[in-house]
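The next block holds one structure in the form of structure tokens; read it before the comments.
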Amino acid sequence: MGTYVLVHGASSDSTYWYRVTPLLQALGHEVITPDLPVADPTAGLAEYTDAIVDAVGDRPGVILVAHSMAAYSAPLACERIAVDLLVLVAAMTPRPGETAGDWWEATGQVEAQREQDLREGRDPDAPFDPLVTFLHDVPPEDLEEVLAQPVPVQSDRPFSDPWPASAWPPVPTRFLLCRDDRLFPADFQRRVVPERLGITPDEMGGGHLPAFSRPAELVEWLERYRSTVVGAAR
């Protein structure tokens with residue numbers, strides 16, 4: 001069995017994985033869900049990376065899963081811990097020297113989201129509503145439980161740090177986009193991921209928060225990666 005390290009994105013904490021963790025544990029895996037210091041106004045990418053490294057310790061051969069903005073810190077952790085596989089889920093894709101704050105305009109995300117909103121009949125200038133952007137695909141019977149999960153206040157600090165790596169880490173990497181993502185549209189990811197990582201993303205159903213809306217499907221993908229990438233290497 002393996003060790004999964006599941007890293008949440010911005011404005012979130014380890015409870016984001018509360019529906020995924022028991023599914024992986026039921027398969028016999030160890031699951032580690034570090035909390036990044038999202039509410040700390042002094043914590044930048046270095047501190048986010050430290051949180052991942054400290055949680056993993058000296059465990060060998062982990063499968064590191066990074067959701068959304070965690071793709072800015074998880075690759076940095078790969079330089080300090082033993083990682084067999086890095087999986088990016090509905091994630092940002094940094095370039096050397098680029099801040100997470102600059103990423104949106106640099107990649108064309110802003111226009112891509114606006115175009116998708118207009119195409120699908122949403123007002124792109126409407127106030128942000130998590131039910132519209134993030135939770136639209138959560139099954140109604142699960143929505144109340146999901147809404148009860150904490151939503152930490154995200155500090156702006158890590159968005160100002162230039163990504164310090166000179167290149168992507170030499171670790172097998174897979175990217176899983178969500179076809180109904182309203183924050184990072186699928187067509188946008190299909191363009192950006194090959195441009196920046198040189199790989200073709202895989203695709204699953206659901207919106208930007210698949211650990212809430214489609215935990216079983218997400219686990220199926222993670223297990224597929226583990227068996228085909230990690231298993232083949234061993």
Side-chain angles (χ1 to χ4, degrees), residues 6-12 15-20 38 65-72 87-95 98-154 156 159 174-197 199-222 224-225:
L6 311 179
V7 188
H8 64 83
S11 299
S12 185
T15 59
Y16 170 65
W17 303 105
Y18 84 101
R19 303 188 72 194
V20 171
V38 298
V65 181
H67 176 249
S68 198
M69 190 192 169
Y72 261 80
V87 181
L88 307 179
V89 180
M92 302 169 77
T93 46
R95 275 182 170 162
E98 182 180 76
T99 71
D102 290 338
W103 178 89
W104 307 83
E105 289 288 351
T107 58
Q109 182 279 338
V110 176
E111 186 60 29
Q113 183 180 357
R114 184 178 185 85
E115 289 176 356
Q116 178 168 272
D117 283 342
L118 290 171
R119 186 169 61 250
E120 297 180 354
R122 293 183 296 276
D123 180 1
D125 300 314
F128 170 73
D129 183 345
L131 290 173
V132 173
T133 304
F134 290 150
L135 303 176
H136 56 94
D137 64 322
V138 174
E141 63 272 19
D142 298 324
L143 187 57
E144 182 176 357
E145 185 179 60
V146 167
L147 287 172
Q149 303 308 306
V151 182
V153 176
Q154 173 67 53
D156 291 335
F159 289 89
R174 297 294 181 270
F175 194 105
L176 184 59
L177 68 78
C178 297
R179 285 188 294 270
D180 304 311
D181 195 332
R182 293 181 178 177
L183 183 66
F184 302 155
D187 285 344
F188 162 79
Q189 295 284 39
R190 293 178 188 125
R191 171 180 59 81
V192 171
V193 174
E195 287 177 354
R196 294 194 163 213
L197 297 181
I199 61 176
T200 300
D202 294 306
E203 303 185 14
M204 65 173 286
H208 189 65
L209 304 179
F212 282 161
S213 62
R214 295 177 178 245
E217 184 178 352
L218 178 55
V219 166
E220 288 176 3
W221 273 104
L222 296 179
R224 189 177 308 166
Y225 291 143

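A 4.5 Å side-chain heavy-atom check between Tyr72 and Trp103 finds at least one atom pair inside the cut-off. In this structure, the side chains of Leu197 and Thr93 come closer than 4.5 Å at one or more pairs of heavy atoms. Counting heavy atoms from C-beta on, the side chains of Val138 and Leu147 never come closer than 4.5 Å. Residues Trp221 and Val87 are not in side-chain contact: their nearest non-hydrogen atoms beyond the backbone lie 4.5 Å or more apart. For the pair Arg196/Glu98, a side-chain contact is recorded, criterion being any heavy-atom separation below 4.5 Å from C-beta on. Side-chain contact between Leu218 and Phe212: absent, with no pair of heavy atoms (C-beta onward) separated by less than 4.5 Å. For the pair His67/Leu209, a side-chain contact is recorded, criterion being any heavy-atom separation below 4.5 Å from C-beta on. Residues Met69 and Phe159 form a side-chain contact, since some pair of their non-hydrogen atoms from C-beta on lies under 4.5 Å apart.
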Begin with the C-alpha distance, continue with both residues' side-chain angles, and end with the deciding distance and a verdict on salt bridge (charged side-chain N to carboxylate O under 4.0 Å, His left out) for Asp187 and Arg190.
CA-CA 5 Å; Asp187 285 344; Arg190 293 178 188 125; 2.5 Å; yes

Run Glu195 and Arg191 through salt bridge (charged side-chain N to carboxylate O under 4.0 Å, His left out) and show every step you take.
CA-CA 6 Å; Glu195 287 177 354; Arg191 171 180 59 81; 3.5 Å; yes

Let me see the working for Val110 and Glu105 under side-chain contact (heavy atoms from CB on, under 4.5 Å), right down to the final yes or no.
CA-CA 6 Å; Val110 176; Glu105 289 288 351; 3.9 Å; yes

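Closest approach of Pro94 to Ala71, counting heavy atoms only: CG-O, 3.6 Å. Closest of all the heavy-atom pairs between Pro152 and Ser12 is CG-O, 3.5 Å. Shown here for Pro210 and Val89, the closest heavy-atom pair between the two residues is CG-CG1, 3.8 Å. Shown here for Leu176 and Met204, the closest heavy-atom pair between the two residues is CD2-SD, 3.6 Å. Nearest heavy-atom pair, Ala186 versus Cys178, reported as atom, atom and distance to 0.1 Å: CB-O, 4.2 Å. Of all heavy-atom pairs spanning Ser213 and Gly207, the tightest one is OG-N, 4.4 Å.
For the ring pair (Phe, Tyr, Trp, His ring centres under 6.0 Å) with His208, the qualifying choice from Tyr16, Phe188, Phe184 is Phe184, the only one to do so.
The structure places CH2 of Trp104 at 15.0 Å from CD of Glu111, a figure rounded to the nearest 0.5 Å. If you take CD on Gln149 and OG1 on Thr15, they are separated by 5.0 Å, rounding to the nearest 0.5 Å. Distance CZ/Arg182 to NE2/His136: 4.5 Å, rounded to 0.5 Å. Separation of atoms OG1 (Thr107) and CD (Gln189) is listed at 8.5 Å; rounding is to 0.5 Å. In this structure, CG on Leu88 lies 11.5 Å from CG on Asp202, to the nearest 0.5 angstrom. In this structure, CE in Met92 is found 8.5 Å from CG in Leu183, a value given to the nearest 0.5 Å.
Here the side chain of Thr99 pairs a donor or acceptor atom with the backbone of Asp102 at under 3.5 angstrom. Listed for the Glu217 side chain is a donor-acceptor partner under 3.5 Å among the backbone atoms of Gly205.
Using a 4.0 Å cut-off between charged side-chain N and carboxylate O, Arg19 and Asp142 make a salt bridge.
Remark: Glu144 CD is loosely packed, at most 12 non-hydrogen atoms of other residues, nucleotides or ligands lying under 6.0 Å away. Annotation for Asp123: atom CG counts as buried by contact number, over 12 foreign heavy atoms lying within 6.0 Å.
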